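The structure appears right after this line, and notes come after that.
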Amino acid sequence: MRADLGVFMKAVVRRPAVIGAFAPTSEMLATQLIEVVPRRGAPTVLELGPGTGAISGLIRSRLPEDARYVAVEVDRAMVDHLVATRPWLEVLHMNAAELASRIGAGEVDAVVSALPWTLIPERTQGRIIEAVARVLAPGGSFTTIAYLTGTPFGPGKRFRRRLGAAFDEVLTTRTIWRNLPPARTYVCRRPITPEPNGARQGE
C-alpha cells in the first residue's frame, strides 16, 4: 500500500540504523521467510520488527483461524501505523530483547524476524536470541532475514556463529536476488540449553 511505503521511508530517514533496509521486504523473500508458520491447529506466531506490515498480511493469510499472532515493534510511528491498518494484529511496542517479559516460556510455535541484525549491538543480539530461545515451543522454528550486504563481513559472520551456538540446527536458504538488498534466510530449530557445568545439552 502507498501509505505503508510512506511510513517506511519516513522511518528510514528518521532511524536508518534501526530500519536497516532501504526498501520493504519483497513478496518473494517474505514467502520464503514465512514457510515455518504453521497452517493447522492453534499456533502462536511472533513477528519481530514488522515495520509497516510488509510480511504481516502474508503471515495472516497462512494462519489457521484459532491462531494467535503477535508482533514486536520498537518504532512508535510504525506501531501506530500497524494498529491503524492491521487491527487483527496484536502489536507490542517494545524492544525485542525484552519480549520474554511479555510472552511466556515455550509459548511460541514460530518466530519470524526481519530485524537488521548486523546493525544491532552484539550484546543486544545475544539478549534477543536468548529471549527467542526461551519463548520458542518444543518443535518450534525461528527464521530471520540475512542481507547479503552484511553476511560476508565480520558482523554477519559473528551473527551466524551466534545462531550456531544457540540452536542445534541452522539452515541457510537460497538467495533472493530480486530483494533490495538481496537476502537469504536462516531457519533455526531446537535451542541449545547449557548444562550447569557449561557443557551443551546432548554432549
Side-chain angles (χ1 to χ4, degrees), residues 18 25 30-76 78-83 85-117 120 123-146 159 162-171 173 185-196 200-202:
V18 173
T25 305
T31 299
Q32 180 168 281
L33 183 69
I34 69 169
E35 287 181 355
V36 301
V37 174
R39 292 181 180 272
R40 297 180 179 83
T44 295
V45 174
L46 174 65
E47 183 180 2
L48 306 182
T52 58
I55 300 171
S56 305
L58 289 175
I59 292 176
R60 187 195 184 203
S61 68
R62 186 180 175 95
L63 287 173
E65 184 177 350
D66 294 331
R68 180 189 180 197
Y69 182 10
V70 184
V72 172
E73 175 57 55
V74 71
D75 187 90
R76 179 76 255 181
M78 289 191 175
V79 168
D80 293 341
H81 177 75
L82 291 168
V83 170
T85 61
R86 276 81 172 173
W88 37 264
L89 183 60
E90 182 182 340
V91 185
L92 303 179
H93 180 211
M94 61 189 302
N95 190 301
E98 308 300 329
L99 68 91
S101 67
R102 300 286 295 275
I103 299 175
E107 288 189 3
V108 181
D109 298 284
V111 180
V112 177
S113 170
L115 294 175
W117 293 102
I120 297 174
R123 186 172 183 178
T124 304
Q125 285 183 17
R127 291 175 60 206
I128 296 173
I129 293 171
E130 287 175 7
V132 168
R134 181 177 182 275
V135 303
L136 203 61
S141 299
F142 165 49
T143 182
T144 189
I145 293 174
F159 174 67
R162 187 183 294 274
L163 290 179
F167 294 89
D168 182 56
E169 178 182 69
V170 181
L171 303 177
T173 64
T185 63
Y186 295 135
V187 181
C188 310
R189 298 185 178 94
R190 298 188 299 278
I192 295 169
T193 303
E195 295 289 351
R200 302 198 317 180
Q201 189 174 30

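Keep in mind that this is a model prediction, so the values were computed, not measured.
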Quick check against the 3.5 Å criterion: does Gln125 have a side-chain atom that pairs as donor or acceptor with the backbone of Ile120?
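Yes, the answer is positive, given that a donor and an acceptor are paired below the 3.5 Å cut-off.
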
For His93 and Val74, indicate whether the former's side chain and the latter's backbone hold a donor-acceptor pair under 3.5 Å.
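Looks like yes, one N/O pair under 3.5 Å.
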
Heavy-atom closest pair, residues [X] and [Y]:
X: Ser101; Y: Met94; answer: OG-CE, 3.9 Å
X: Ala97; Y: Thr124; answer: CB-CG2, 4.3 Å
X: Thr52; Y: Met78; answer: N-SD, 4.1 Å
X: Val108; Y: Ala110; answer: CG1-O, 3.2 Å
X: Ala165; Y: Ile192; answer: O-CD1, 3.7 Å
X: Ala114; Y: Ile55; answer: CB-CD1, 4.2 Å

Should Glu107 and Arg68 count as side-chain neighbours, where that means a heavy-atom distance under 4.5 Å?
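Touching, per the 4.5 Å side-chain cut-off.
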
Validation row: Leu171, Arg189 side chains within 4.5 angstrom (heavy atoms):
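Answer yes - side chains close enough.
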
Could you pull out every donor-acceptor pair under 3.5 Å between side chains of residues 33-50 and any protein atom, sequence neighbours left out?
residue: Glu47; atom: OE1; partner: Ser56; partner atom: OG; Å: 2.9
residue: Glu47; atom: OE1; partner: Tyr69; partner atom: OH; Å: 2.5

Rounded distance [0.5 Å steps], [atom1] in [X] versus [atom2] in [Y]:
X: Arg62; Y: Thr31; atom1: CZ; atom2: OG1; answer: 9.5 Å
X: Ser141; Y: Asp109; atom1: OG; atom2: CG; answer: 9.5 Å
X: Trp88; Y: Leu63; atom1: CH2; atom2: CG; answer: 9.0 Å
X: Leu163; Y: Ile129; atom1: CG; atom2: CD1; answer: 4.5 Å
X: Leu89; Y: Glu73; atom1: CG; atom2: CD; answer: 10.5 Å
X: Ile128; Y: Leu99; atom1: CD1; atom2: CG; answer: 8.0 Å

Chi angles and distances behind the side chain to side chain contact (heavy atoms under 4.5 Å, CB included) call for Val187, Thr173:
CA-CA 8 Å; Val187 181; Thr173 64; 4.1 Å; yes

For Thr144, check side chain to side chain contact (heavy atoms under 4.5 Å, CB included) against everything at least two apart and list the hits.
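So Thr144 forms a side chain to side chain contact (heavy atoms under 4.5 Å, CB included) with Ser113, Trp117, Phe142, Phe159, Tyr186.
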
